[in-house]
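Report on the structure given below.
Labels below follow one simple rule: chain letters A, B, ... track the order of the sequence lines, proteins then strands, and each chain is numbered from 1.
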There are 2 protein chains.
Amino acid sequence: MFDFTPNPTFGPLQNPDLKVPTAAMDAQPETIIVGAVIDAISEQRLPAGAKLGEQALSVLFNCNRANVRRALAALEAKHVVELRPNRGAFVAAPSADEAREIFQARRAIERTIARQAVKRIDADGIARLKASIAAENLARSRRDKPAELRSSQNFHMLLAELAGNRVLQRFLAELTMRSTLILGMYAREGHSCAHCDDHTGIVDALIARDEALVLDLTDRHLRRLEAELDFERPVAVTVSLKDQIFGS
Amino acid sequence: MFDFTPNPTFGPLQNPDLKVPTAAMDAQPETIIVGAVIDAISEQRLPAGAKLGEQALSVLFNCNRANVRRALAALEAKHVVELRPNRGAFVAAPSADEAREIFQARRAIERTIARQAVKRIDADGIARLKASIAAENLARSRRDKPAELRSSQNFHMLLAELAGNRVLQRFLAELTMRSTLILGMYAREGHSCAHCDDHTGIVDALIARDEALVLDLTDRHLRRLEAELDFERPVAVTVSLKDQIFGS
DNA sequence: TCAACATATATTGTTAACAATCAATGTCAA
DNA sequence: TTGACATTGATTGTTAACAATATATGTTGA
């Protein structure tokens, strides 16, 4: 009757790391699920359009469906998943238009953050930023894509933390997460990822407290990221076994 | 046993308008509740700290508790309510620190929006902005505080719409809503509300397409609003019968 | 071979009953 | 009167069963 055969669309979620999301585990199943799904998306283990079945999640996280439903409602409010009535929950698949708006919003917010960061940067902050870049380089040399993505996002979130505004921090967290989703959907074949050097340049400009340069580099960095997208090529958003075997 | 005596903290929610929130009714109880609560907060019918009991909401909206719980989870994700385990849901009560961060974020986002709006403004947009100001003035002359608040927020949201970025639009919606909450908590006695003229000035600057002036006026407008706050005076956040009778 | 239809299975949505927890009231002794 | 303690009632949290819906499978007829 009910023999939960590992759902192929869920392979990534079985990563043991998942049950210990970045947010401290406060024993509330809803929070754990939300954190785990966000982490999985941030590291591109969960692709856009992936189905998040209620039973699958309740088995994975050892909780009842009521908690799963609450988690999915919260994720929908954060624009992380889309809830289609009587169909279920799916990882959000931003359209080309949404993608452009998300990147535009990112530039606006990261500029503000950069301006604050220049004012408030200190030795400790510099050290943490450099450590983040080092971690990113290490991950890339090891061809560990999830770790690389995590580090790259971490760099931007560190800047937001240094800016000292938790509201903007949260907004940026949403935008970086959705950016990862967008890159997964629209990234060109073999996109360079050369933007890593950009981070080093930004830190140098921060050390020099050159506001104009920091703003310019931040803006260019984000535009370069967006330029790597290809909205022409149609993207598969529905991840089903059939699509995975026979392609789009 | 169960005789739901109208909860005093819920008086405002019995406003018939509430069942038809701004978002079109799509028959999903969760969405309706979320919209109604946000509207009620935006018009200062629901104060910070007000308790949102599950049974009370399920009776008000004719739905089961499961849907109420989903709605509350969504509202928590939007930072509209705070969910205290085993205690219930309460309208968020931003601290002084949070308030400052929210207003700082607002200035950052509204500046970006204003810059875009200057570029994209047209005759239709001007007309709608002027209509919004007229509605605000009318509401004030009628001493209809909820309508005045709604119109004032509407002006800012109209600008965001004109800017043409739905992400920033959503961010600003959250921030204006929380601003209303903050004003309800920390506003000085008899605060002027003279900022209404600011709106007229901004529209004039928009017509002239004077970007620098628009940015300056927007920034001043928001700082003036923030200056009307008094964080020293302690604020009652827990709305209970006792507090209402004996004061804070 | 293919399309349309009917059936079966799985998934989501709803409801009610029960358990656990908290707030309030009442009692009693110091 | 006041403080600690026990009890009561109300509220939140959990669970399981059931209903409604959608998806997948299988069948039939051209």
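- Between Glu226(B) and Arg106(B) there is no salt bridge, since no side-chain N of the basic residue sits under 4.0 Å from a carboxylate O of the acidic one.
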Could you check Ile41(B) against Ile38(B) for side-chain contact (heavy atoms from CB on, under 4.5 Å), going step by step and ending with a plain yes or no?
-> CA-CA 5 Å; Ile41(B) 291 174; Ile38(B) 289 177; 5.9 Å; no
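- For the pair Leu57(A) CG and dT12(C) C1', the computed distance is 13 Å after rounding to whole Å.
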Protein heavy-atom contacts under 4.0 Å, written 5' to 3' over nucleotides 13-23 of chain C as B (base), S (sugar-phosphate only) or - (none), form the string BSB-----SSS
Item to complete: Start with the C-alpha distance between Ile33(A) and Cys63(A), add both sets of side-chain angles, then the distance that settles side-chain contact (heavy atoms from CB on, under 4.5 Å), and finish with yes or no.
Response: CA-CA 10 Å; Ile33(A) 296 176; Cys63(A) 64; 3.9 Å; yes
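- Contact between the side-chain N/O atoms of Lys51(B) and the OP1/OP2 oxygens of dA10(D) is not found at any separation under 4.0 Å.
- At a threshold of 4.0 Å, the pair Lys78(B)-Glu174(B) does not count as salt-bridged, since none of the basic side-chain nitrogens sits closer than that to a carboxylate oxygen.
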| message | For a side-chain contact (heavy atoms from CB on, under 4.5 Å) check, start with the C-alpha distance between Phe171(A) and Thr112(A), then their side-chain angles and the critical distance, and finish with the verdict. | response | CA-CA 12 Å; Phe171(A) 287 166; Thr112(A) 307; over 6 Å; no
